[in-house]
Amino acid sequence: MKLKIKTNFDFGKLSSKMPSIINDYLSGYAQGTEVGSRQNIDSGLADIKDATKKWRRSKGYPEYPPLKASGKMYNSIKANKNRLKILDYGQWHHEGEVPTTKARPFISSTLENEKIIDKKLNDAIEKSL
């Protein structure tokens, strides 16, 4: 008795398409992180100190929300191909490396975006196989 086995997938084809699939995934994630990070800032984070509010008033900046005094850092949050770009001090605020304030983790993608890009990733892998 002979057995004949046929397959309908090709890992070689998937292997050649993986760099493009990964790049598309990272690009989608960067775009979602741009939107999500701005939403996090707009919705407000931990309250700011009274001294900071006083300083903001003296400079003509709004007291609320935190991390959006002049808007310079907020406006610097941009998805560029498969990377997220932000002014250096944005990362410092996110991680708590600013000596006068605690960490305000705001850099994140939206949940809806994560679901969409995960589905696109799975679909692209299935199609390539």
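On a predicted model such as this, the values are computed, not experimentally measured, just so you know. Throughout, numbering of the chain's residues begins at 1 and tracks the sequence.
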(request) Step by step, work out the side-chain contact (heavy atoms from CB on, under 4.5 Å) result for Y29 and E114. (result) CA-CA 7 Å; Y29 197 84; E114 289 181 18; 3.7 Å; yes
(request) Output, in order, the C-alpha distance, side-chain angles, deciding distance and verdict of side-chain contact (heavy atoms from CB on, under 4.5 Å) for I77 and I107. (result) CA-CA 9 Å; I77 302 171; I107 301 173; over 6 Å; no
(request) I would like to know whether W55 and K49 meet side-chain contact (heavy atoms from CB on, under 4.5 Å); could you show each step before the answer? (result) CA-CA 10 Å; W55 177 84; K49 298 175 187 172; over 6 Å; no
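With values rounded to the nearest 0.5 angstrom, I86 atom CD1 is found 11.0 Å from K78 atom NZ. Atom CG of residue L67 and atom NE2 of residue H93 lie 5.5 Å apart, to the nearest 0.5 angstrom. Atom OG of S16 and atom CE of M18 lie 11.0 Å apart (nearest 0.5 Å).
The two residues K72 and Y89 have their closest heavy-atom pair at CB-OH, 3.8 Å. Taking every heavy atom of both residues into account, T110 and Q39 meet most closely at CG2-OE1, 3.3 Å. Smallest separation of non-hydrogen atoms from G32 and N113: CA-ND2, 3.2 Å. Closest heavy-atom contact between E63 and R57: OE2-NH1, 2.5 Å. For the residue pair P62 and A69, the shortest heavy atom distance occurs at CD-O, 3.5 Å. Nearest heavy atom pair, residue Y64 against residue S43, reads OH-O, 3.3 Å.
The main-chain N or O of A79 is found under 3.5 Å from a side-chain atom of E34 such that the two form a donor-acceptor pair. A donor-acceptor pair is defined here as one N or O able to donate and one able to accept, closer than 3.5 Å; such a pair exists between the side chain of R104 and the backbone of D47. Using modelled atom types, no side-chain atom of S27 and backbone atom of N23 make a donor-acceptor pair closer than 3.5 Å. A donor-acceptor contact shorter than 3.5 Å links the side chain of N40 to the backbone of G36.
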Per-pair distances, 0.1 Å, donor-acceptor, side chain in residues 118-129, under 3.5 Å, sequence neighbours excluded:
{"unit_1": "D118", "atom_1": "OD1", "unit_2": "Y25", "atom_2": "OH", "d": "2.9"}
{"unit_1": "K119", "atom_1": "NZ", "unit_2": "D123", "atom_2": "OD2", "d": "3.0"}
{"unit_1": "N122", "atom_1": "ND2", "unit_2": "D118", "atom_2": "O", "d": "3.4"}
{"unit_1": "S128", "atom_1": "OG", "unit_2": "A124", "atom_2": "O", "d": "3.0"}

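Side-chain contact check for R38 versus I41: every heavy-atom pair is 4.5 Å or farther apart. For the pair L14 and I21, the minimum side-chain heavy-atom distance is below 4.5 Å.
Hydrophobic cluster membership is shared by L87 and Y74, with clusters built from Ile, Leu, Val, Met, Phe, Trp and Tyr side chains linked at under 4.5 angstrom. M73 and V35 fall into different hydrophobic clusters, where Ile, Leu, Val, Met, Phe, Trp and Tyr residues are linked whenever their side-chain heavy atoms come under 4.5 Å apart, directly or through other members.
Annotation for R83: atom CZ does not count as buried by contact number, only 12 or fewer foreign heavy atoms lying within 6.0 Å. No more than 12 heavy atoms of other residues, nucleotides or ligands shown are found within 6.0 angstrom of NZ on K17.
Using cut-offs of 30° and 60° on the angle between ring planes, the pair H94 and F106 is perpendicular.
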